[in-house]
Every structure is written in C-alpha cells, then in structure tokens.
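Note on naming: letters A, B, ... go to the chains in the order of the sequence lines (proteins, then strands), and numbering restarts at 1 for each one. Heavy atoms only: backbone and side chains are in, while hydrogens, waters and symmetry mates are out. All values derive from a computational prediction rather than experimental measurement.
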There are 2 protein chains.
Amino acid sequence: MKTLDPANYDHLKLENQLCFPVYAASRLIIRAYQPHLDALGITYPQYLTLMVLWEEETMTVNEIAHKLLLNTNTITPLLKRLEAMKLVSRSRGIDDERKVMISLTDKGRAMREDASSIPFKLVAGLEDKGLTPSMLLNLKQQLHQLIEGMASF
Amino acid sequence: MKTLDPANYDHLKLENQLCFPVYAASRLIIRAYQPHLDALGITYPQYLTLMVLWEEETMTVNEIAHKLLLNTNTITPLLKRLEAMKLVSRSRGIDDERKVMISLTDKGRAMREDASSIPFKLVAGLEDKGLTPSMLLNLKQQLHQLIEGMASF
DNA sequence: CGCATTTATATCGCGCGCGATAAATATTTA
DNA sequence: TAAATATTTATCGCGCGCGATATAAATGCG
C-alpha cells in the first residue's frame with residue numbers, strides 16, 4: 001500500500017476525473033471537424049448554429065441560444081459574423097420589438113448541401129480507429145442523460 | 001413517411017450528433033465547477049493544470065500541455081497567470097536552456113487541500129440528479145476510448 | 001567546425017464563452 | 001394610466017484555444 005501522501009488525493013488525479021475526458025474529447029472532436037469546416041469558411045460554433053437553423057429557418061436569438069445551451073451574449077456577435085458572411089439575416093420582431101429574428105439566407109440554406117457529407121466522414125474516420133457506430137450511439141445517449149441532469153443546475 | 005425535404009438531412013440534426021452533446025456536456029460541467037473554483041480564485045483550465053502538477057511537482061511546459069492535450073501556446077500565458085498568483089514558479093532548464101520548468105510553490109501545493117473536496121461535491125450533485133457513480137464511471141471509460149482513438153488524428 | 005534542421009517556448013490575432021452591465025421594449029401592478 | 005418589474009438583446013472585459021509565426025537553443029550532418 002503506497003502512502004507517499006499523508007492524505008489520499010486519488011480523486012484529484014486527472015485520470016480519475018470525468019470532467020477532463022469530456023473537456024478533452026470536446027476539443028478533439030472540434031479539431032477533427034476543423035479541416036472540413038475550414039473548407040466552408042465557418043467555425044464549429046457557427047456550424048452548430050447553422051444546424052439549428054437548417055432545422056427551423058427562422059428563430060430568435062434566445063431560441064438559438066437555448067437550443068445550443070449557450071448564453072445570448074455568446075451568440076450575438078457570432079450571428080453578426082454569420083450575417084457579415086451573408087449566411088443569415090437579422091431583423092427585429094414585428095410583434096415584439098425586443099426580439100431579433102434570425103433567418104437563413106439562400107446562401108446559408110445552400111451550405112447545408114456542402115455540409116451534409118461531414119458527419120459521414122467523421123464517423124468513417126472514427127470507425128478506422130476502432131470506434132464502432134453502436135459504441136458512439138451508446139456514448140451519445142449517456143451524454144444526453146448527463147446533460148439532462150446538469151442542464152437543470 | 002415524411003418527405004418534407006428533397007434530400008434526407010437527418011444526420012445534420014443537432015440531436016443526432018455526437019459532437020454537440022460532448023461540447024455541451026463539457027461546458028455544463030465547467031459551469032458546475034465554476035462556483036467552487038471561484039472560491040479558490042482560479043479558472044477551470046488552471047485547475048486542470050494544477051491537478052497535473054499535484055501529481056508531479058515539476059514539469060516542463062511541453063509535458064503539461066501534452067497531459068492536457070493542449071497546445072503550448074494555450075498554456076504559456078495560463079502558466080504566467082498562475083505564476084502571477086504565486087501558485088507556480090517558472091525557471092529555465094539547466095541541461096536544456098530551451099525548456100521552462102514549472103514547479104508548484106508552497107501556495108500552489110497548499111491549494112490541493114482546498115480543492116480536494118470539489119470532486120465529491122460535484123459527484124454528489126450529480127447523484128441528486130439521478131446519475132449514479134457507475135453510470136459516470138462507464139461514461140468516463142467510453143470517453144477514454146474515444147480520446148484514445150481521436151488523439152492519434 | 002559551420003550550417004541546416006529540429007525542438008521548446010513565446011507572441012500575435014481572432015473567435016468564442018461567460019459574468020457583469022446597459023439599453024430598449026414589453027408586461028405587470030398599484 | 002403611471003411606475004415598477006421583467007424580458008430581450010447588446011456591450012465590455014477577460015481568459016482561453018489555436019493557427020501562424022518568431023526566436024533561441026540544441027541537434028544533426030557534411
């Protein structure tokens with residue numbers, strides 16, 4: 001029995017944490033997306049934002065932020081950059097002047113076609129590394145459970 | 001069978017992605033750590049860096065970056081901030097002048113004591129949300145597999 | 001030895017991510 | 001209706017995270 005430490009700090013070791021693997025995996029996945037997104041000229045958070053809009057073409061800033069579990073002050077400048085790239089348009093709500101409606105432009109809508117092959121490429125890359133689709137599905141479901149539990153914090 | 005879309009873009013839906021849950025979970029976990037780390041006056045990446053040094057008191061910038069799967073240009077300024085807080089010290093390597101040795105100070109070493117209760121509090125909070133320790137362990141192991149596969153990209 | 005190459009760290013610029021705060025509009029309530 | 005409150009978005013500052021680049025020290029090689 002090793003007693004190098006007066007107290008037992010094993011629970012503070014990086015390898016025993018859940019937080020670090022999630023954090024590291026997130027960055028590694030974003031890195032894997034990078035070359036594909038570079039080809040489209042967008043960043044990973046911008047890609048996620050477009051995915052939201054590809055499902056529903058017009059949404060408020062708040063609704064997008066809620067879907068992505070982000071604060072509005074994070075996506076406000078992001079949406080302005082997407083607007084500068086002519087991928088979305090911004091307009092004040094008619095019924096409620098406080099709301100800002102974000103809509104896909106034709107260009108933003110067209111980008112879905114270019115992006116549609118990306119997930120397949122990523123999954124194929126992971127399969128080459130020995131990660132089966134069923135394993136990824138399992139992981140996804142467990143993460144959804146974790147998010148469900150944590151989003152209510 | 002719904003055919004609202006000419007092509008099938010289901011694989012581009014947020015809920016069908018693995019990338020988004022990992023990304024969201026990472027941020028939610030960091031948010032959960034926030035109040036505990038605020039009490040110590042450090043950020044989440046700084047906390048991870050200290051965890052590495054709590055396991056091995058002196059390491060080079062490169063070794064720390066490698067452990068955290070980060071680039072050195074990310075942690076160089078981070079380490080300078082830790083130095084400004086008197087939590088670590090920086091000194092050039094004797095054998096190799098290019099290397100910068102990062103060492104824990106007494107203050108940095110002492111902070112482990114204050115931090116040691118954090119993981120327990122977090123796990124307890126998750127248990128209250130219905131997430132069992134065995135589920136978290138399972139998730140951690142799966143993430144390690146994913147990281148193993150992706151780190152070689 | 002002299003010079004090219006590699007390695008280790010640092011610098012710079014940009015886009016998040018978020019706490020704190022502000023400003024404008026809408027809603028509630030006295 | 002007038003004032004207080006709430007909602008929605010925007011602004012600001014700071015710390016990452018990383019690609020591109022720079023600088024200095026070490027290594028390799030003719």
For atom CG of A/L87 and atom P of C/dG15, their distance in whole Å: 14 Å
What is the distance, to the nearest angstrom, from the CZ atom on B/F20 to the P atom on C/dG17? 11 Å
Tell me the interatomic distance from B/Y23, atom OH, to C/dG15, atom C1', rounded to whole angstroms. 11 Å
Output yes when at least one side-chain N/O atom of A/K80 is less than 4.0 Å from OP1 or OP2 of C/dG15, else no. no
Under 4.0 Å between a side-chain N or O of A/Q46 and OP1 or OP2 of C/dC16? yes
Whole angstroms only, please: what is the NZ-C1' distance between B/K99 and C/dT6? 14 Å
Crowded around B/H66 NE2? As in, over 12 foreign heavy atoms under 6.0 Å? no
Whole-Å gap separating P (C/dC14) and CG (A/L78): 17 Å
Can you tell which of C/dA10, C/dC18, D/dC18 lies closest to the side chain of B/N71? D/dC18
Rounding to a whole Å, what distance do you find between B/L79:CG and C/dT9:P? 10 Å
Separation of C/dA10 atom C1' from B/E97 atom CD, nearest Å, is 15 Å
Using a 4.0 Å heavy-atom cut-off across all strands, classify A/I75 as base, sugar-phosphate, or nothing. nothing
Just how far, in rounded Å, is P of D/dC14 from CD1 of B/I42? 20 Å
Nearest nucleotide by nearest heavy atom, which residue falls closer to the 5' end of DNA chain C, A/D96 or A/R81? A/R81
Please state whether the phosphate of C/dG17, meaning OP1 or OP2, lies under 4.0 angstrom from any side-chain nitrogen or oxygen of B/Y44. no
N/O (side chain, B/R90) to phosphate O (OP1/OP2, C/dA10) under 4.0 Å: yes
Under 4.0 angstrom between A/R27 side-chain N/O and C/dG17 OP1 or OP2: no
Tell me what B/T72 touches on the nucleic acid: a base, only sugar-phosphate, or nothing, going by heavy atoms under 4.0 Å. base
Under-4.0 Å side-chain N/O to phosphate OP1/OP2 contact, A/N62 with D/dT8: yes
Applying side-chain contact (heavy atoms from CB on, under 4.5 Å), run through A/N16 and A/Y9 and close with a yes or a no. CA-CA 10 Å; A/N16 294 335; A/Y9 290 116; over 6 Å; no
State plainly whether one hydrophobic cluster holds both B/V88 and B/M101, where clusters connect Ile, Leu, Val, Met, Phe, Trp and Tyr through side-chain heavy atoms under 4.5 angstrom apart. no
Phosphate oxygens OP1/OP2 of C/dA10: is one of them under 4.0 Å from a side-chain N or O of B/T76? yes
DNA chain C nearest-nucleotide lookup for A/R98 and A/N73: closer to the 5′ end is A/N73
Students often get this wrong, so: under 4.0 angstrom with heavy atoms, is A/I30 touching a base, only sugar-phosphate, or nothing? nothing
